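Written out below as structure tokens is the structure these notes cover.
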Amino acid sequence: MPLKLATWNINSVRLRINLVERFLEEYQPDVLCLQETKCPNDAFPSKAFRKAGYEHIAFHGQKGYHGVATVSRIPFSDEERRDFCEKGDTRHLAVTLDIDGAEGVRVHNFYVPAGGDEPDREVNEKFAHKLDFLTEMESWYKSHKAKKNARMILVGDLNVAPLEHDVWSHKQLLKVVSHTPIEVEHLARVMKAHDWVDVMRRFVPDEEKLYTWWSYRAKDWAKADKGRRLDHIWVTPALADTPTAMEVIRDARGWERSSDHAPVLATFDI
DNA sequence: ATGGCTTACAAAGTAAGA
């Protein structure tokens, strides 16, 4: 069956609930994973999602910042919220989609720490946290590897743009957090831990520019086009042959009072 | 000219994003 799944760093789900509704209406994903919901659990706008046909809702939020949520038209079970780095923050949520004739597909939704300004773990504890978070992801997925045929999708704002053409200027961003070699190495180790497949780059060659985030600070973000690919969709080898389409919904970045991230939409034949 | 903006918050400036 076809499965349409989207990931979007929404930068406040309450402020932009109208944009989320528009996105669901126009693009009709089966599953939407949100990051930076900035919303405590008791204030999550579940009603709007149910009204839009997304009856299956899981969230993991806190006051003020961070927060992830997964909403779905397909039933799911086995909700899991892992506390990476024992910070007590809200950066991970996993569910298992109940898909016919299969043991289910596990969807991991991540919001990896941004890492602050200075790319040096000795002087910047936010950067240390980011690297440690990635290292913990690596060891966690290594421990999953016993289940070699696990059918998993990993999405979210990973806050790392790994390839040269995942940023507008490789040279100018080498010392800018999100594109430094040490972050790229850490992310590569996470990928290797379960032989994750980079779904977005299956559809766009490595030599082509591909972004999901554009700063609010540019006067004209579309014209400057100084983007970065911070948001990702990965699958385990068991699902490597299932992706049939992928699109960055750049249009949504231009909607009135939009998030600084665009949604990424992928279709699978599961 | 990448940081110029944007968000949440028991609210004026602070923290956070990246």
Side-chain angles (χ1 to χ4, degrees), chain A residues 7-20 34-45 59-69 84-85 87-92 109-121 123-134 156-184 186-187 209-232 248 250 252-264:
Chain A
T7 180
W8 194 6
N9 178 320
I10 192 61
N11 187 14
S12 176
V13 68
R14 286 176 290 177
L15 189 67
R16 290 188 234 282
I17 189 64
N18 59 323
L19 298 187
V20 177
L34 296 168
Q35 302 85 34
E36 280 205 88
T37 53
K38 298 187 175 178
C39 180
N41 291 331
D42 60 12
F44 192 82
F59 37 74
H60 186 203
Q62 67 188 81
K63 193 170 71 171
Y65 34 89
H66 314 325
V68 290
F84 284 82
C85 302
K87 290 264 184 190
D89 58 7
T90 55
R91 299 179 176 275
H92 169 260
N109 178 359
F110 275 98
Y111 177 51
V112 172
D117 284 325
E118 189 64 43
D120 178 349
R121 69 173 303 141
V123 301
N124 174 8
E125 66 179 37
K126 290 182 188 173
F127 195 70
H129 178 210
K130 182 178 197 173
L131 297 181
D132 293 345
F133 192 103
L134 291 167
D157 180 359
L158 305 186
N159 267 319
V160 182
L163 304 182
E164 281 197 35
H165 296 289
D166 289 341
V167 294
W168 64 276
S169 168
H170 172 62
K171 223 174 148 180
Q172 284 175 260
L173 291 180
L174 270 171
K175 291 179 178 167
V176 174
V177 171
S178 73
H179 193 60
T180 64
I182 187 157
E183 291 166 84
V184 172
H186 276 69
L187 193 73
K209 294 293 183 191
L210 184 59
Y211 312 141
T212 65
W213 173 87
W214 294 262
S215 171
Y216 280 127
R217 300 193 193 197
K219 222 181 307 176
D220 182 340
W221 70 273
K223 193 173 164 209
D225 200 22
K226 290 182 172 177
R228 304 179 201 171
R229 183 168 71 115
L230 303 180
D231 304 275
H232 297 265
V248 176
R250 191 183 161 112
R253 176 63 180 81
W255 291 349
E256 179 141 12
R257 296 202 75 193
S258 91
S259 167
D260 45 359
H261 293 252
V264 186

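Being a predicted model, the structure only gives us computed values, none of them experimental. Both backbone and side-chain heavy atoms feed into the values below; hydrogens, waters and symmetry mates do not. A note on names: the letters A, B, ... follow the listed sequences, proteins ahead of strands, and every chain is numbered from 1.
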Problem set entry | Side-chain donor/acceptor of Ser259(A) to backbone N/O of Asn9(A), under 3.5 Å | yes
Exercise. When you measure from the side chain of Lys209(A) to the backbone N and O of His165(A), does any donor-acceptor pair fall under 3.5 Å?
Worked result: no
Exercise. With no hydrogens and no angle check, do the side chains of Gln62(A) and Asp89(A) hold a donor and an acceptor under 3.5 Å apart?
Worked result: no
Exercise. Among side-chain atoms of Asp231(A) and His261(A), is any donor-acceptor pair under 3.5 angstrom?
Worked result: yes
Roughly, in whole Å, what's the span from [atom1] in [X] to [atom2] in [N]?
X: Leu15(A); N: dC9(B); atom1: CG; atom2: P; result: 11 Å
X: Gln62(A); N: dG17(B); atom1: CD; atom2: P; result: 10 Å
X: Lys63(A); N: dC9(B); atom1: NZ; atom2: P; result: 7 Å

For this session: Could you measure between the two C1' atoms, the one in dT7(B) and the one in dA12(B), and give it in whole Å?
Result: 15 Å
For this session: Quote, to the nearest angstrom, the P distance that separates dT14(B) from dT2(B).
Result: 28 Å
Seminar exercise, completed: Winner on side-chain proximity to Arg14(A), out of dA18(B), dG17(B), dA8(B), is dA8(B)
Seminar exercise, completed: From the candidates dT6(B), dA18(B), dA16(B), the one with an atom nearest any side-chain atom of Tyr65(A) is dA16(B)
Exercise. Which residue, Tyr111(A) or Arg257(A), contacts DNA chain B at a nucleotide closer to its 5' end, judged by nearest heavy atom?
Worked result: Arg257(A)
Exercise. Relative to the 5' end of DNA chain B, which residue comes earlier, Gly227(A) or Leu230(A), by the nucleotide with the nearest heavy atom?
Worked result: Gly227(A)
Problem set entry | Check: Arg228(A) side chain, dG17(B) base, donor-acceptor under 3.5 Å | no
